[in-house]
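Working notes for the structure below.
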Amino acid sequence: MGPVVLTQLATGLSVLAGAVFVKSVMDQNSMAGGPFPRCPTCNGTGRVSCLCSRWSDGDVGCRNCAGSGRMACSSCGGTGTGRPLPVRISAQRPPPPS
């Protein structure tokens with residue numbers, strides 16, 4: 001094997017080791033309650049009752065739930081955890097002293 005192949009192999013192995021490390025850290029966070037709290041709307045399940053089952057005359061099934069009567073939670077996007085809100089912070093430099 002030439003030096004280029006060995007370099008590529010070492011790079012690939014280091015990327016793989018990094019991915020395994022990140023996954024293990026994320027698994028530890030999820031076992032300890034995770035970095036984000038449970039969604040209060042769906043109680044962490046990621047699914048809520050579909051609108052077609054709430055206001056129908058007994059039949060269940062629409063495009064949102066595919067006939068299951070449960071659809072993805074709109075508060076958490078189906079993840080079951082709270083999501084941080086994106087915030088844009090703008091800062092301006094003060095005017096130079098005159």
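Values below: every heavy atom of this structure, side chains too, minus hydrogens, waters and symmetry copies.
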- Task: Would you please name every residue forming a side chain to side chain donor-acceptor pair (under 3.5 Å) with T41, sequence neighbours left out?
- Result: S75
- Would you say R70 and S49 make side-chain contact, with heavy atoms under 4.5 Å? yes
- Task: With sequence neighbours left out, write down each residue that passes side-chain contact (heavy atoms from CB on, under 4.5 Å) with N43, or none if nothing qualifies.
- Result: R38
- Result of checking C73, C76, C65 against V48 for side chain to side chain contact (heavy atoms under 4.5 Å, CB included): C73
Ignoring hydrogens and angles, write down the donor-acceptor pairs under 3.5 Å from the side chains of residues 6-17, residues two or more places apart or on other chains.
| from | atom 1 | to | atom 2 | distance (Å) |
| --- | --- | --- | --- | --- |
| T7 | OG1 | P3 | O | 2.7 |
| T11 | OG1 | T7 | O | 2.9 |
| S14 | OG | A10 | O | 3.3 |
| S14 | OG | T11 | O | 2.8 |

- Message: With side-chain contact (heavy atoms from CB on, under 4.5 Å) as the criterion, how do C62 and M71 come out once you've worked through the C-alpha distance, each side chain's angles and the decisive distance to 0.1 Å?
- Response: CA-CA 10 Å; C62 70; M71 66 180 195; over 6 Å; no
- Closest approach of C42 to R47 (non-hydrogen atoms, all atoms of both residues): CB-O, 3.6 Å
